[in-house]
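Shown next, in structure tokens, is the structure this report addresses.
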Protein chains: 2
Amino acid sequence: MSDNRTKIIEIAETMVRSGGYNGFSFREIAAQIGIKSSSVHYYFPTKEALALEVAERYTTDFFAALGDPNSANGATPEKLRHYCSVFQSAFESSGRACLCGMLSNEVALLPESVRLAVIEFVNANISWLKNALSPATGDNKTSAAKTIYCGLEGAMSAAALTKDASWIEDVASSTLASILGEEG
Amino acid sequence: MSDNRTKIIEIAETMVRSGGYNGFSFREIAAQIGIKSSSVHYYFPTKEALALEVAERYTTDFFAALGDPNSANGATPEKLRHYCSVFQSAFESSGRACLCGMLSNEVALLPESVRLAVIEFVNANISWLKNALSPATGDNKTSAAKTIYCGLEGAMSAAALTKDASWIEDVASSTLASILGEEG
DNA sequence: GTCTATAAACAGATAGAC
DNA sequence: GTCTATCTGTTTATAGAC
């Protein structure tokens with residue numbers, strides 16, 4: 001695996017998380033590495049191919065950080081707090097919003113393959129949360145999962161806008177308090 | 001007020017809500033009206049000026065739909081349900097995400113005046129919610145307001161991605177149930 | 001108020017030399 | 001694997017005719 005190939009994906013991720021799908025270009029990625037845009041095309045024939053690989057790598061890394069929701073280690077409260085902390089460090093290490101949260105808003109201009117990758121990220125988050133929630137949540141498991149996920153995505157967006165990580169902390173603790181409270 | 005001026009703002013709003021700040025162009029707006037891009041420049045000298053007016057009009061219309069949070073008509077539960085319904089109809093009438101939620105993610109590429117307009121929208125939402133929340137919420141009023149706002153923004157984004165309005169319904173009812181439950 | 005014409009920059013993408 | 005050169009189309013924006 002070439003070093004430049006990895007650099008391209010990393011720079012592209014940063015740029016997408018700053019300006020969305022239309023916010024990155026082969027020319028600017030190349031300039032940041034010190035090569036020409038045609039060399040970027042050597043690794044990724046099209047913009048769609050590059051964006052897709054960025055989304056897939058982001059999803060892989062994100063779920064690697066999350067770990068197994070069915071793990072015997074830790075009960076529901078610990079698992080949910082861990083989930084929130086992954087969002088928090090995703091923001092704090094970059095000062096940027098979630099890649100897939102960013103792309104979600106841009107459905108209309110995404111190539112089909114990228115759109116499907118983003119939907120996959122969302123579905124995987126809901127699944128993870130449903131597995132982490134204890135049976136006591138009952139019939140509302142899906143709603144609870146959606147509420148946690150959407151709250152954190154919205155909080156990351158507000159945190160990026162205001163450059164203030166406390167949005168994520170506040171939303172996380174408030175949301176978890178009510179959901180865990182209901183579980184007793 | 002010229003008819004075309006209004007059309008320009010309306011089309012620009014639709015386009016920004018589809019593809020963000022980089023997702024609209026003078027040429028395409030002109031084409032949809034049936035004029036030339038130079039005629040769009042007659043009304044709005046720069047892209048920044050147009051985007052700013054779009055954001056301001058969106059904010060004005062949004063808070064007109066919300067009404068006065070201090071109104072004597074209706075208690076906290078009714079006010080909060082009304083707040084959620086405004087997000088819901090903003091999605092259902094367009095199938096698109098929130099204009100300011102969209103732009104929030106794109107801070108890095110926004111002109112300063114537009115960035116400030118988006119922050120103003122966010123702050124105004126938090127203020128509205130804090131006024132609508134009953135004193136019983138106590139010290140956590142700000143966190144509760146942030147949680148409601150971020151949850152709905154995230155839900156609008158997911159709804160736009162999946163073309164499924166139920167995200168907003170689910171997050172709204174789940175979030176309100178816990179906050180109103182805490183208030184007794 | 002709308003047009004033509006144009007500028008200067010940038011986009012994604014390709015062909016072919018080295 | 002990286003380069004030069006180039007194509008085609010797009011962007012924001014301006015000058016000036018009508």
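Treat the numbers as computed from the prediction; the structure is a model and nothing was measured.
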Nearest heavy-atom approach of B/A97 to A/N105 is CB-OD1, 3.2 Å
Any B/Y42 side-chain N or O less than 4.0 Å from OP1/OP2 of C/dT2:
no
Between CG of B/L50 and C1' of D/dT11 the distance, given in whole Å, is 15 Å
Rounded to whole Å, CD of B/E28 lies from P of D/dT10 at a distance of 10 Å
Atom CG of A/N22 and atom C1' of D/dT12 are separated, to the nearest Å, by 15 Å
Applying salt bridge (charged side-chain N to carboxylate O under 4.0 Å, His left out) to A/E78 and not counting sequence neighbours gives A/R81
Sorted by chain and number, sequence neighbours left out, salt bridge (charged side-chain N to carboxylate O under 4.0 Å, His left out) with A/K7 holds for A/D3
So the ring-ring contact (aromatic ring centres under 6.0 Å, His included) pairs with at least one residue in residues 31-55 of chain B (sequence neighbours excluded) are B/F26-B/H41
The correct set of residues in residues 104-114 of chain A placing a heavy atom under 4.0 Å from DNA chain C is none
Q: Report yes if at least one side-chain N or O of A/N4 is closer than 4.0 Å to OP1 or OP2 of D/dT2; otherwise report no.
A: yes
B/I29 CD1 to D/dT11 P, in whole Å, measures 10 Å
Across all chains, not counting sequence neighbours, the side chain to side chain contact (heavy atoms under 4.5 Å, CB included) partners of A/F63 are A/T59, A/L66, A/F121, A/A124, A/N125, A/W128
For a quick test of reading the model: is some side-chain N or O of A/S39 closer than 4.0 Å to OP1 or OP2 of D/dG1?
no
By ring-ring contact (aromatic ring centres under 6.0 Å, His included), B/F87 pairs with (sequence neighbours left out) B/F62, B/Y83
| query | Quick one: is C/dT2 close enough that its OP1 or OP2 comes under 4.0 Å of any side-chain N or O from B/Y43? | reply | yes
note: A/F24, atom CZ; C/dA11, atom P; distance rounded to Å ~ 11 Å
Whole-Å distance, A/K36 NZ to C/dG12 C1', equals 16 Å
A/I33 CD1 to D/dT2 P, in whole Å, measures 9 Å
Contact string for nucleotides 13-18 of chain D, one letter per nucleotide 5' to 3', B = base within protein heavy-atom range under 4.0 Å, S = sugar-phosphate only, - = neither, reads BB----
Residues A/S37 and A/A30: closest non-hydrogen pair is N-CB, 3.5 Å
The salt bridge (charged side-chain N to carboxylate O under 4.0 Å, His left out) partners of A/R27 (sequence neighbours excluded) come to none
For A/R96, the salt bridge (charged side-chain N to carboxylate O under 4.0 Å, His left out) test, sequence neighbours excluded, returns none
